Amino acid sequence: MKLATWNVNSLKVRLPHVIDWLKTNQPDMLCLQETKLTDENFPVKEIAEAGYESIFAGQKTYNGVAILSKQKGLEVVSALPDFVDEQKRVIAATFGDLRIVSVYVPNGESVGSDKYDYKMRWLPSLTHWLQQELKVYRKLALLGDFNIAPEDRDVHDPELWEGKVLCSQPERSAFGDLLKLGLSDSFRLFDQPEKSFTWWDYRMMAFRLNRGLRIDHILLSTDLARDCAACIIDKSTRKLERPSDHAPVLVELS
DNA sequence: ATGGTAGAGGATCTA
């Protein structure tokens, strides 16, 4: 069983990359973020031709999340139950005994901004909802763009980023609250190369210089973490023509 | 110093 997540930064532009990636990697589920598509424009047909079902929650211009899967998803939830929000940032579904949650955590713009406040209200609401979900589903995977680098080793230049958005202590503490629910950061279950990142700014040759952050994650409940055989970041997609600024993250469950 | 690049949409906003 393979689970993956990828912030595609426009599914319209990245559809050929996504189709190719599905064909090469054959994940059972691929969670997408920043689809930037309304639901009527979701490329259901093209994805079905690659052998995948689609569930999605989108809006015009911004945000938008989806789960592509070989099996059909059930018990679909497409918003946080206790957080009134126009922005489409959550979609969850059940596949057999697996609960899959795809999230696009708010970016937060800069520490102290209105968008940062929104992020810091959004995260506890996510945590509270997942606490309920984990009572129902023992096998739960939370995948997505968390817009949080959990530790200094997830940052190319920790001094430059110290206290900044994506790295601030309140954000890291909110990430820690997710782990306290009993979720594991699958990437850290294994030895990993130093300076492993999932996002590199389009500007200033950041990818070529490997000036990135690890902000895309796959968190696994205890019952899934036990069966996790590998977690890798696929940097190859970032070298394609017109790439997303994020790389996919992939776990293998035995 | 507040740059720079990309996407959506058609002037800025978001990241």
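The structure presented is a predicted model; accordingly, all values stated were derived computationally and were not measured.
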Determine the Euclidean distance between corresponding P atoms of dA1(B) and dT12(B); express it in Å to zero decimal places.
26 Å
If you assign His246(A) and Asp201(A) each to the DNA chain B nucleotide with the nearest heavy atom, which residue ends up on the more 5' nucleotide?
Asp201(A)
Given atom CG of Asn147(A) and atom C1' of dA15(B), what is their separation to the nearest angstrom?
8 Å
Leu15(A) has an atom CG; how far is it from atom P of dA8(B), in whole Å?
12 Å
In whole Å, I'd like the distance from the CZ atom of Arg203(A) to the P atom of dA6(B).
10 Å
Please report the distance, rounded to the nearest Å, between CD in Gln87(A) and C1' in dT14(B).
10 Å
Touch check for Phe207(A), heavy atoms < 4.0 angstrom, all strands: base, sugar-phosphate only, or nothing?
nothing
Roughly, in whole Å, what's the span from NZ in Lys36(A) to P in dT14(B)?
12 Å
Indicate yes or no: does Asp145(A) engage Arg89(A) in a salt bridge with an N to O separation below 4.0 Å.
no
When you compare dG10(B) with dT14(B), how far apart are their C1' atoms, in angstrom units rounded to a whole number?
16 Å
Taking the side chain as C-beta and beyond, is there a heavy-atom pair between Glu34(A) and Tyr62(A) under 4.5 Å?
no
Short N-O contact, Glu194(A) and Arg153(A), less than 4.0 angstrom
no
Using the P atom as the point on both nucleotides, what is the distance between dT2(B) and dA15(B), in whole Å?
23 Å
Rounded C1' spacing from dC13(B) to dG9(B) in Å:
11 Å
Using whole Å, what does the distance between atom P of nucleotide dA8(B) and atom NZ of Lys12(A) come to?
6 Å
Side-chain ion pair, Arg14(A) and Asp20(A), N-O less than 4.0 Å
no
For Tyr104(A) and dT14(B), give me the distance from atom OH to atom P, rounded to whole Å.
11 Å
Identify which nucleotide among dC13(B), dT5(B), dA8(B) has an atom closest to any side-chain atom of Tyr202(A), counting heavy atoms from C-beta outward.
dT5(B)
Is the shortest side-chain N to carboxylate O distance from Glu252(A) to Lys2(A) below 4.0 Å?
no
Whole angstroms only, please: what is the CZ-C1' distance between Arg211(A) and dG4(B)?
12 Å
